[in-house]
Structures are given as C-alpha cells and as structure tokens.
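Have a look at the structure below before the remarks.
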Amino acid sequence: MRKISKNREMHEEDGFFSLVYQVTRMVPSGRVTTYGAIAKYLGTARSARMVGWALNQSHFLEDHIPAHRVVNRNGLLTGKHHFGGSRVMQELLESEGIQIIDDRVLNFKQAFWDPSEELE
DNA sequence: ACAGTGACCTACT
DNA sequence: GAGTAGGCCACTG
C-alpha cells in the first residue's frame, strides 16, 4: 500500500489505478498512447480524467511508470509540467526515438499505440 | 457538506 | 474549424 495522501492510501487491488499503471507499463518503447484510449480500454467507466489523475499519482509510486508515453488525443504533451522539469518528458520520448516539435508528437498517428487493438 | 479544480473527451453551435 | 458546454470521478480547501 502506498500513501498518496494523508488520509488516503492506495492498495494493489484498487483496480482502476492498477490497471492504468499496467497498461502504461505495457506501452512499448517508441510508441505512445492517449488517456482516452486507456479509458476506453478500461470501459470508459471513469472517463479519461481519472486516467490522468492516476498517472499524476504515478510519480509517487515506487515503480517507475513510463507516463511520458501517455499524451492527450492531439498528441500534445500536456503533462510535461508534472515531470518536475519541462523538458524531461520530451527528452525521454526523444531518447526512445519519438520526435517532438512544439510539445507535439511527430507522426503521432503512427506512433499511437491503442491498447484496445494491440492488446485486445 | 459544498464548491472549485484537474496530465481529458465528445458533442453541439 | 474554432469556441462552448456538459460529463466524468477523485481530491483539496
């Protein structure tokens, strides 16, 4: 169990959060996915916002979660501010072979990795 | 308990 | 095609 707040603790069987982290871990290097895709893969039950929220807490987790491979539907790196620095996310993606221009993923359509299709 | 906020998305003007 | 509104669920003050 990991504390994510004073009064709140996260358990392994929290389900949604765990699933988000698992899917995020499954994203292959050099590919990216979106919050909506993950939400859809999970059934859209909690909407895409919760995916972002889950990834927000991923910084707190012991395990390293490649949250930099998750962008919004436009391929925009909206979450780069939450990586501590602004360039961390971009450099991480570039080190994996993804080119970023103006906080946007180049060839996003090709680099897009849909868990619903690839992962079934 | 209430209201505001958020790494979003879809649909309608 | 841009701008607006609503929905979604959890967290914070």
Side-chain angles (χ1 to χ4, degrees):
Chain A
M1 69 181 84
R2 300 128 175 169
K3 301 177 188 174
I4 64 178
S5 174
K6 285 193 303 183
N7 301 329
R8 181 87 180 169
E9 293 183 353
M10 187 172 352
H11 304 261
E12 292 291 343
E13 59 252 41
D14 259 348
F16 183 72
F17 283 72
S18 242
L19 285 172
V20 172
Y21 300 141
Q22 285 189 18
V23 174
T24 307
R25 280 200 211 104
M26 288 188 223
V27 179
S29 180
R31 306 292 293 274
V32 293
T33 188
T34 69
Y35 307 95
I38 296 176
K40 202 165 211 170
Y41 174 72
L42 298 180
T44 16
R46 276 124 194 146
S47 170
R49 279 189 183 267
M50 295 302 96
V51 178
W53 193 253
L55 289 177
N56 185 20
Q57 300 305 320
S58 71
H59 284 283
F60 185 85
L61 296 180
E62 302 170 356
D63 301 336
H64 177 250
I65 306 295
H68 56 276
R69 294 177 190 155
V70 184
V71 296
N72 70 343
R73 213 248 168 253
N74 291 319
L76 202 65
L77 277 59
T78 51
K80 69 171 189 175
H81 304 290
H82 293 267
F83 270 81
S86 326
R87 290 195 163 178
V88 182
M89 188 172 184
Q90 177 172 343
E91 294 199 357
L92 280 170
L93 288 171
E94 286 179 344
S95 68
E96 293 180 355
I98 300 178
Q99 294 182 339
I100 310 294
I101 293 181
D102 194 26
D103 299 341
R104 196 187 74 245
V105 177
L106 198 65
N107 297 330
F108 170 67
K109 196 171 183 179
Q110 295 179 357
F112 178 62
W113 183 84
D114 193 346
S116 316
E117 294 183 0
E118 306 288 342
L119 202 58
E120 188 177 3

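First the proteins, then the strands, lettered A, B, ... as listed; each starts at 1.
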task = Ignoring the backbone of A:Thr34, work out which of C:dA10, C:dG7, B:dC9 is nearest its side chain.
result = B:dC9
inquiry  = Whole angstroms only, please: what is the CE-P distance between A:Met50 and C:dC8?
reply    = 12 Å
inquiry  = Students often get this wrong, so: under 4.0 angstrom with heavy atoms, is A:Ser58 touching a base, only sugar-phosphate, or nothing?
reply    = base
note = Whole-Å distance, A:His82 NE2 to B:dA7 P, equals 4 Å
note = Rounded to whole Å, the CZ-C1' distance (A:Phe17 to C:dA10) equals 7 Å
remark   = Regarding the side chain of A:Ser47, the nearest nucleotide among B:dC9, C:dC8, B:dA7 is C:dC8
inquiry  = Counting distance alone, no hydrogens or angles: does the base of B:dA7 have a donor or acceptor under 3.5 Å from a partner atom on the side chain of A:His68?
reply    = no
query = Is there a path of hydrophobic side-chain contacts, each under 4.5 Å between heavy atoms of I, L, V, M, F, W or Y residues, that connects A:Met89 with A:Trp53?
reply = no
task = Name the residue closer to the 5' end of DNA chain B, choosing between A:Tyr35 and A:Lys40 according to the nucleotide with the nearest heavy atom.
result = A:Tyr35
ask   = With rounding to whole Å, what would you report as the distance between B:dT5 and C:dA5 at their P atoms?
value = 15 Å
note = Taken to the nearest whole Å, CD/A:Gln57 to P/B:dG6 is 15 Å
key: A:Gln22 CD: over 12 foreign heavy atoms closer than 6.0 Å   = yes
task = Identify which nucleotide among C:dA10, B:dC9, B:dA7 has an atom closest to any side-chain atom of A:Trp53, counting heavy atoms from C-beta outward.
result = C:dA10
query = Are A:Leu61 and A:Val23 connected in the hydrophobic side-chain network, where two residues link if heavy atoms are under 4.5 Å apart?
reply = yes
task = Using whole Å, report how far CG of A:Asn74 lies from C1' of B:dT10.
result = 13 Å
task = Send over the distance from A:Asn72 CG to C:dC8 P, rounded to a whole Å.
result = 21 Å
request  = Please report, rounded to the nearest Å, how far the P atom of B:dA11 is from the CZ atom of A:Arg73.
outcome  = 12 Å
message = Is it true that A:His68 and A:Gln90 share a donor-acceptor pair across their side chains at a distance under 3.5 Å?
response = no
ask   = Base, sugar-phosphate alone, or nothing: which one does A:Ala67 contact when heavy atoms must sit under 4.0 Å apart?
value = base
request  = Could you tell me the separation between the CZ atom of A:Phe112 and the C1' atom of B:dC9, rounded to a whole number of Å?
outcome  = 13 Å
key: Spacing of CZ belonging to A:Phe83 relative to CG belonging to A:Leu92, to within rounding of 0.5 Å   = 6.5 Å
